[in-house]
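Remarks on the structure that follows.
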Amino acid sequence: MRDPDLVPVVRLAPAKLNLTLAVIARRDDGYHELHSVMATLALADRLSLAPSATRADTLHVTGADTGPAESDLVLRGIAEARRAAGAADPGDDPSSFAPGRPSAPALAARLEKRIPVAAGLAGGSSDAAAAMDGALEAWAIDLDVDARRAAALRLGSDVPFFLVGGFAAVAGHGDRVTPLPSPRGEPGVLLVTPAIAVSTGAVFAALDDGARQPDPGATRVSSVHLAQELGQGLDTHGLLVRAGVLAQANDLVLGAEVVAPGLRAFRRVLARRLGRPVGQSGSGPTCWALYASLDEATAAAAGLGRDLEAGTIEAPGDGRPFVAATTFTTREGGQP
Ligand code: C5P
């Protein structure tokens, strides 16, 4: 059953950070119109795809934080790639294949999880994007950009962003992705993810139930402004100067606080301890702080780790938070 012509493919599936996230309006289909400045991070899952010994796609997950959602998204990414390419299901009878239909044999996927799940870092969406794109490469099937984008959107609102990567302004409900230049220099990012799984759907639902920011328009202004400034060549220093405004520019913060009480207080404690603004990525619970370099973020992560160990800082959730220092990835280097 193993297809000797298939090329094994390895992909890094990066986490994303929301530097801003404005919720503009609720749409008739229940989704929300957004404006967000997002960026891929060096923190990444690792996905490999190889020929499968069976007639069905398979997945083996290893790493810190495994769960059914991730398995679902990798296998869905492969299935969506097959569907978008118009290829037959490898489980079907080959004699029923129409002539000229692309061949998309079954794949054995291995996923090494490093990104915490349900954390506001879109690890599952990134895995789905990597699976879709990697499967097409393994089968040597070329799909045009529009077909790729449409297939990505069927997998989830955050997925189209990962086809672009780097810094980008994301609008609509995730379908409009405008690439932006990365800030000059190499800012460091500290991530602190309390051990609470937060469902994005639940946070949006809390928002619809009334947990709105006092002035939703203000977040949109900050978000659009940041996109413009990055477009004009903002550097690391400029980004750090704006961190206070950015840390306030997430309309999902109040919804996340309803779903995971204690998050807001924890962010305040962190901001005091780190001596700098602390924001929330996506629907949370991941908290972020920006540094002038990876070295500075690494030192801050070590200090915070000691405080958490000693119990001088307590985090909400079931167990110790995930703490990591990382950097942003550029479009060229980030997505192979
Ligand atoms: O698209 P995805 O599956 O990632 O979204 C998860 C949930 O988040 C959706 O079911 C929806 O409730 C909510 N959502 C939304 N508006 C968006 C993105 C997500 O309401 N733009």
Side-chain angles (χ1 to χ4, degrees), residues 13-38 40 45 65 67-80 83-84 113 115-133 148-165 168-178 193 196-213 216-217 219-220 223-224 227 249-260 263 280-286:
K16 64 92 172 133
L17 196 75
N18 299 88
L19 286 162
T20 58
L21 204 175
V23 180
I24 291 163
R26 188 172 187 275
R27 298 156 32 124
D28 289 343
D29 63 5
Y31 276 80
H32 295 77
E33 290 286 317
L34 310 174
H35 189 281
S36 177
V37 173
M38 296 180 20
T40 41
D45 293 340
D65 208 350
E70 262 54 32
S71 322
D72 187 45
L73 273 160
V74 168
L75 293 176
R76 275 184 56 207
I78 297 171
E80 193 58 60
R83 197 177 113 189
K113 283 299 295 175
I115 307 169
V117 303
L121 296 169
S125 299
S126 187
D127 296 342
M132 186 185 88
D133 210 51
R148 262 175 216 260
R149 203 183 296 133
L153 199 57
R154 283 194 289 275
L155 290 165
S157 311
D158 280 338
V159 182
F161 162 72
F162 287 105
L163 299 183
V164 176
V170 179
H173 63 113
D175 51 318
R176 297 208 309 274
V177 183
T178 308
T193 310
I196 320 166
V198 171
S199 143
T200 305
V203 170
F204 275 103
L207 195 79
D208 292 337
D209 287 346
R212 286 193 174 273
Q213 298 278 47
T219 309
R220 183 186 192 169
S223 191
V224 170
N250 183 339
D251 285 338
L252 293 183
V253 154
L254 292 182
E257 174 68 18
V258 171
V259 173
L263 263 186
Q280 171 180 298
S281 187
S283 50
T286 296

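Counting starts at 1 for both ligands and their atoms, following the listed order. A quick note: this is a predicted structure, and the numbers were derived from the prediction, not measured.
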Would you be so kind as to tabulate the donor-acceptor pairs closer than 3.5 Å made by side chains of residues 252-260, with sequence neighbours excluded?
residue: Glu257; atom: OE1; partner: Leu263; partner atom: N; Å: 3.2
residue: Glu257; atom: OE1; partner: Arg264; partner atom: N; Å: 2.8
residue: Glu257; atom: OE2; partner: Gly262; partner atom: N; Å: 3.2

Could you pull out every protein residue that has a heavy atom closer than 4.0 Å to ligand 1, ordered by chain and then number? Gly30, Tyr31, His32, Leu34, Gly156, Ser157, His173, Thr200, Gly201, Phe204
Residues two or more places apart in sequence or in another chain: which of them pass salt bridge (charged side-chain N to carboxylate O under 4.0 Å, His left out) with Asp29?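 Result, salt bridge (charged side-chain N to carboxylate O under 4.0 Å, His left out) vs Asp29: Arg27.
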Do you know which two heavy atoms are closest between Ala119 and Thr193, and how far apart they sit? CB-CG2, 3.6 Å
Nearest atoms (heavy-atom pairs only) where Val198 meets Pro285: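 Here Val198 and Pro285 meet closest at CG2-CD, 3.6 Å.
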Mind checking what makes side-chain hydrogen bond (donor to acceptor under 3.5 Å, both in side chains) contact with Thr200, not counting sequence neighbours?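 Testing Thr200 for side-chain hydrogen bond (donor to acceptor under 3.5 Å, both in side chains), a comparison that skips the adjacent residues, returns Ser283.
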Would you compute the distance between atom CD of Glu80 and atom CZ of Arg154 and round it to the nearest 0.5 angstrom?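 Here the rounded value is 4.5 Å.
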